[in-house]
Student: 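Below is a structure I'd like to ask you about.
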Amino acid sequence: MKKETKTWCVSRILKKHRRIINRAYAKKNYELVLETAEASGYILSNWNQVYADDFLEEVLLKVSGELSIPQYKDKEKGMVLFYDGVGLDTRGLMLIYITALLNLGYQVVYIVDKKKEGAQKALIKNVNNRALILEYYDSHRSRLEVVNQIADIFNKYKPEYAFLYSVSVDVAATVAFERYKGIISRYYITLSDHGFYLGNRACDYHLEFRDYGIFTSIYKRNISKEKLIKLPYYPFVDTGTPFAGFSFDTQNKKIVFSGGSLYKTYDSNDIYYKIVRHILDKHSDTVFVYAAQPDPIHEKKMQDLIEHYPQRVYLIPERKDLYALMQQAVVYLDTYPIGGGLMVQYAAAAGTFPLIIERDEQDGLLMNTGEKSIMLKDVDEVCAVADRIINDSEYRANKEKLLSGTVLTGEEFEKELKKAIENKKTSFKVIKKKFNIAQTEKEYINNFNVKANYRHAMLRDESNRILKYYPVLWIEKKIFTAIYLLKMLWEKKG
């Protein structure tokens with residue numbers, strides 16, 4: 001499908017969503033407003049040709065103002081509310097933020113989905129029963145109920161500061177946080193600075209980890225420079241978790257490791273997969289291991305590799321022993337055309353050299369690189385460096401030495417977070433720097449499957465009321481649900 005056709009289809013879907021939202025808002029059907037805004041956000045976050053949507057932000061702000069949510073005045077000094085809509089334990093940024101906040105002497109109320117209860121084992125172990133309060137919201141309830149659950153926690157603890165850390169389409173948290181404008185200092189922790197997300201108006205300050213995020217916030221989201229705070233992150237390293245091994249044989253094999261969201265490996269020229277094929281074709285003693293969450297839409301190319309290179313390519317789930325696993329690899333291959341953030345930093349922290357094609361969005365990801373030859377200019381250089389690392393242990397050791405000091409330490413992060421809270425700025429300057437992202441946006445269009453994304457946005461478990469306006473999909477979902485229930489009943493009887 002051509003770019004113009006895809007653009008027309010997406011525009012048509014979003015226009016219909018706007019009509020649904022406007023009608024629902026006029027009738028005070030706020031649950032349908034939130035559900036449809038979420039579906040629009042899902043499509044926009046995959047389409048990724050815009051980084052914000054003023055209509056959606058405005059309607060979420062209006063819904064927040066319409067709800068009967070009480071507000072408090074007397075804040076509890078030193079109390080911080082940390083909302084986590086991601087819910088991962090060691091992967092992500094939650095652990096480093098909460099650890100730093102506790103070390104700084106704050107009392108932290110941590111809110112996460114109830115279905116994640118008990119999953120934050122590293123968090124509990126790391127904080128050692130300090131001033132951490134656990135609270136939960138129930139994602140199985142309606143969005144409005146979740147808004148009220150979050151608001152109840154706000155009003156129960158009366159925090160002085162609040163941090164919003166979530167996925168790109170978290171309408172409930174956005175509405176709840178918007179309710180406390182002017183009452184507390186609210187911080188949005190930017191997780192995906194390269195793409196669309198809802199919540200641009202939900203917080204007073206946005207914590208950006210690199211210049212690329214500052215660029216997208218200023219020039220693509222229209223967020224003022226005064227609201228931006230630059231705070232690079234670092235990977236939480238759990239040296240106490242031993243390597244859990246593999247379910248396949250790697251004896252006498254050299255491991256080339258990679259990982260992250262699979263959509264980041266898709267481009268029209270298959271550059272990432274050409275690099276993998278080069279390594280596997282040239283080095284018979286290598287195996288390629290990729291760690292990712294399930295993604296049916298973007299797994300095909302990886303499955304093709306698995307079929308073409310039997311017992312040499314493995315797609316594995318995300319791992320708790322990531323740091324130890326990374327140390328088993330001779331080299332780490334960064335994703336392309338969309339680069340990894342934390343995964344590259346994990347590689348650097350583990351002392352495993354990352355193969356990174358130099359491009360704007362990866363600028364500043366590793367610190368203090370100076371004249372070090374870490375970033376590689378093109379595919380040919382990546383392949384050449386990979387060849388030498390795999391074949392020459394001395395060359396590999398010299399490359400790994402370059403990684404020293406390229407990742408922020410926990411102590412440095414803690415000091416800068418303190419400055420961000422107290423002074424609304426850090427030692428890292430917010431610079432208005434422009435980046436060329438035309439090629440990145442082009443690749444998103446090339447990879448965007450209109451039908452798949454549209455159907456998934458409409459047929460997700462989270463979509464119910466909106467299907468009233470899509471009768472064919474409504475019938476389809478009912479049939480799928482009936483088949484699933486009958487299958488479960490049959491298996492139970494069997």
Student: Hey, is Glu416 close enough to Lys230 for a salt bridge, meaning N to O under 4.0 Å?
Tutor: no
Student: CG of Leu473 to CG of Leu459: how many Å apart, nearest 0.5 Å?
Tutor: 5.0 Å
Student: Flag the pair His298 / Lys264 as yes when at least one side-chain heavy-atom distance between them is below 4.5 Å, and no otherwise.
Tutor: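 No, too far: nothing below the 4.5 Å cut-off.
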Student: In this structure, are over 12 heavy atoms from other groups packed under 6.0 Å from Lys16 atom NZ?
Tutor: yes
Student: Where do Ser64 and Val175 come nearest, in terms of heavy atoms and distance?
Tutor: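 Closest pair (atom of Ser64, atom of Val175, distance): OG-O, 2.9 Å.
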Student: In Å, rounded to the nearest 0.5 Å, how long is the span from CG of Asp84 to NZ of Lys116?
Tutor: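 Answer rounded to 0.5 Å: 9.0 Å.
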Student: Is Lys434 close enough and on-axis enough to Tyr219, meaning under 6.0 Å and within 45°, for cation-pi?
Tutor: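 Yes - Lys434 lies over the ring of Tyr219, closer than 6.0 Å to its centre and within 45° of its axis.
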Student: Are the ring centres of Tyr266 and Tyr272 closer than 6.0 Å?
Tutor: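 No: the rings miss the under 6.0 Å criterion.
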Student: Of all residues at least two apart in sequence or in a different chain, which pass the side-chain contact (heavy atoms from CB on, under 4.5 Å) check with Thr5?
Tutor: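 If we apply the side-chain contact (heavy atoms from CB on, under 4.5 Å) test to Thr5, skipping adjacent residues, the hits are Met1, Lys2, Cys9.
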Student: Do you see a donor-acceptor pair shorter than 3.5 Å between the side chains of Thr241 and Asp321?
Tutor: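 Note: Thr241 and Asp321 side chains miss the donor-acceptor criterion.
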Student: Below 4.5 Å, heavy atoms only, C-beta onward: do Tyr165 and Val86 meet side chain to side chain?
Tutor: yes
Student: Tell me whether Asp193 is salt-bridged to Lys220, with the criterion being a basic N under 4.0 Å from an acidic carboxylate O.
Tutor: no
Student: Could you pull out the closest heavy-atom pair between Ile445 and Lys6, with the gap in Å?
Tutor: O-NZ, 2.6 Å
Student: Closer than 4.0 angstrom, basic N to acidic O: yes or no for Lys156 and Asp152?
Tutor: no
Student: With a 6.0 Å cut-off on the ring centroids, do Phe196 and Tyr51 count as close?
Tutor: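 Phe196 vs Tyr51: aromatic centres not under 6.0 Å.
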Student: Are any non-hydrogen side-chain atoms of Leu14 and Leu44 less than 4.5 angstrom apart?
Tutor: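 Yes - at least one pair of side-chain heavy atoms lies under 4.5 Å apart.
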Student: Applying salt bridge (charged side-chain N to carboxylate O under 4.0 Å, His left out), run through Lys301 and Asp270 and close with a yes or a no.
Tutor: CA-CA 9 Å; Lys301 291 182 181 181; Asp270 280 348; 2.5 Å; yes
Student: Side chains of Ser217 and Glu208: donor-acceptor distance under 3.5 Å anywhere?
Tutor: yes
Student: Which residues pass the side-chain contact (heavy atoms from CB on, under 4.5 Å) test with Glu31, not counting sequence neighbours?
Tutor: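 For Glu31, the residues satisfying side-chain contact (heavy atoms from CB on, under 4.5 Å) (neighbours in sequence not counted) are Asn29, Ser142, Arg143, Leu144, Arg465.
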Student: Kindly indicate whether the side chain of Lys451, heavy atoms from C-beta on, has any atom under 4.5 Å from the side chain of Arg455.
Tutor: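 Heavy-atom side-chain distance check passes, below 4.5 Å.
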Student: Lys425: what forms a side-chain hydrogen bond (donor to acceptor under 3.5 Å, both in side chains) with it, not counting sequence neighbours?
Tutor: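 So Lys425 forms no side-chain hydrogen bond (donor to acceptor under 3.5 Å, both in side chains) with any residue.
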Student: Strictly distance-based, threshold 3.5 Å: is any side-chain N or O of Tyr332 a donor or acceptor partner for the main-chain N or O of Gly259?
Tutor: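 Flag set: sc Tyr332 to bb Gly259 pair under 3.5 Å.
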Student: Scan side-chain atoms only and decide if Glu443 and Gln439 contain a donor-acceptor pair under the 3.5 Å cut-off.
Tutor: yes
Student: Look at Glu226 together with Lys424 and state whether they make a salt bridge at an N to O cut-off of under 4.0 Å.
Tutor: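 Judged by the 4.0 Å cut-off on N to carboxylate O distance, Glu226 and Lys424 do not form a salt bridge.
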Student: Check whether any side-chain N or O of Glu38 sits under 3.5 Å from a backbone N or O of Val171 as a donor-acceptor pair, and report yes or no.
Tutor: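 Here the side-chain-to-backbone pair does not exist.
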Student: Could you state the interatomic distance from CG (Leu333) to CE (Met343), rounded to the nearest 0.5 Å?
Tutor: 11.0 Å
Student: Just checking, is any N or O donor in the side chain of Asn453 or His456 under 3.5 Å from an acceptor N or O on the other one?
Tutor: no
Student: Taking NZ, NE, NH1 and NH2 as the nitrogens, is one of them in Glu422 or Lys418 under 4.0 Å from a carboxylate oxygen of the other?
Tutor: yes
Student: Output, in order, the C-alpha distance, side-chain angles, deciding distance and verdict of side chain to side chain donor-acceptor pair (under 3.5 Å) for Tyr273 and Thr265.
Tutor: CA-CA 8 Å; Tyr273 294 92; Thr265 66; 2.6 Å; yes
Student: What distance do Met458 atom CE and Glu476 atom CD have between them, rounded to the nearest 0.5 Å?
Tutor: 12.5 Å
Student: Give a yes or no on whether the ring-centroid distance for Tyr25 and Tyr30 is below 6.0 angstrom.
Tutor: yes
Student: Taking Glu441's backbone N and O only, do any of them form a donor-acceptor pair with Gln49's side chain (distance below 3.5 Å, no angle check)?
Tutor: yes
Student: Which value, rounded to the nearest 0.5 Å, describes the distance between Met94 atom CE and Phe163 atom CZ?
Tutor: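 So the gap between those two atoms works out to 14.5 Å.
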Student: Please check: side-chain N/O of Asp89 versus main-chain N/O of Leu123, any donor-acceptor pairing under 3.5 Å?
Tutor: yes
Student: Considering all heavy atoms of both residues, which atom of Asn464 and which atom of Glu35 are nearest to each other, and what is their separation?
Tutor: N-OE2, 2.7 Å
Student: Relative to Tyr42, does Arg460 satisfy both conditions: NZ or CZ under 6.0 angstrom from the six-membered ring centre, and within 45 degrees of the ring's axis?
Tutor: yes
Student: Mark yes or no for whether Thr426, through its side chain, and Phe428, through its backbone, hold a donor-acceptor pair below 3.5 Å.
Tutor: yes
Student: With a 4.0 Å cut-off on N to O distance, would you call Asp204 and Lys227 a salt bridge?
Tutor: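 Salt bridge absent between Asp204 and Lys227.
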Student: Which pairs count as side-chain hydrogen bond (donor to acceptor under 3.5 Å, both in side chains) when at least one residue sits in residues 170-182, sequence neighbours excluded?
Tutor: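 side-chain hydrogen bond (donor to acceptor under 3.5 Å, both in side chains) check on residues 170-182 returns Tyr83-Asp170, Asn155-Tyr180, Ser166-Asp170.
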Student: Salt bridge (charged side-chain N to carboxylate O under 4.0 Å, His left out) with Lys121: which residues, sequence neighbours excluded?
Tutor: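 Partners of Lys121 by the salt bridge (charged side-chain N to carboxylate O under 4.0 Å, His left out) criterion come out as none, since no residue qualifies.
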Student: Kindly give the heavy-atom pair with the smallest separation between Cys203 and Leu164, and that separation in Å.
Tutor: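 That closest heavy-atom pairing would be SG-CB, 4.0 Å.
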Student: Under a 4.0 Å N-O cut-off, is there an ion pair linking Asp53 with Arg221?
Tutor: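 No, no charged N to carboxylate O under 4.0 Å.
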Student: Could you tell me if the side chain of Ile133 sits less than 4.5 Å from the side chain of Val108, heavy atoms only?
Tutor: no
Student: Determine whether the aromatic ring centres of Phe413 and Tyr97 lie less than 6.0 Å apart.
Tutor: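 Distance test on ring centres: under 6.0 Å, yes.
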Student: Could you tell me which non-hydrogen atom of Gly195 sits nearest to which non-hydrogen atom of Asn48, and how far apart they are?
Tutor: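 Looking at all heavy atoms of both residues, the closest pair is CA-OD1, 2.9 Å.
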Student: Should the pair Phe82 and Tyr110 be assigned to parallel (<30°), tilted (30 to 60°) or perpendicular (>60°) ring geometry?
Tutor: tilted
Student: If you count the non-hydrogen atoms of other residues, nucleotides and ligands that lie under 6.0 Å from NZ in Lys62, is the total more than 12?
Tutor: yes
Student: What do the steps show when you test Arg359 against Ile357 for side-chain contact (heavy atoms from CB on, under 4.5 Å), and what is the final call?
Tutor: CA-CA 6 Å; Arg359 53 205 186 277; Ile357 297 179; 3.7 Å; yes
Student: Any side-chain donor-acceptor pair under 3.5 Å between Tyr157 and Gln107?
Tutor: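 Short answer, no.
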Student: For residues Thr216 and Phe435, determine if any side-chain heavy atom of one lies less than 4.5 Å from a side-chain heavy atom of the other.
Tutor: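 When only atoms from C-beta onward are counted, Phe435 and Thr216 do not touch, as no gap falls below 4.5 Å.
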Student: Which class fits the ring pair Tyr444 and His194: parallel under 30°, tilted 30 to 60°, perpendicular over 60°?
Tutor: parallel
Student: Applying side-chain hydrogen bond (donor to acceptor under 3.5 Å, both in side chains), can you list everything that pairs with Tyr314, at least two apart in sequence or on another chain?
Tutor: none
Student: Can you confirm whether Lys114 sits close enough to Tyr137 that some side-chain heavy atom of one is under 4.5 Å from a side-chain heavy atom of the other?
Tutor: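 Result no, sub-4.5 Å side-chain heavy-atom pair not found.
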Student: Testing the basics here: between Gly87 and Gln120, what is the closest heavy-atom pair and its distance to 0.1 Å?
Tutor: O-NE2, 3.4 Å
Student: Check Asn103, Leu102, Ile96 against Thr99 for a side-chain contact (heavy atoms from CB on, under 4.5 Å) and give me the one that passes.
Tutor: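 With Thr99 as partner, Asn103, Leu102, Ile96 yield a single side-chain contact (heavy atoms from CB on, under 4.5 Å), made by Asn103.
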Student: Go through the steps to decide whether Phe177 and Phe154 satisfy the test ring-ring contact (aromatic ring centres under 6.0 Å, His included), and finish with yes or no.
Tutor: CA-CA 9 Å; Phe177 268 69; Phe154 264 101; 5.2 Å; yes
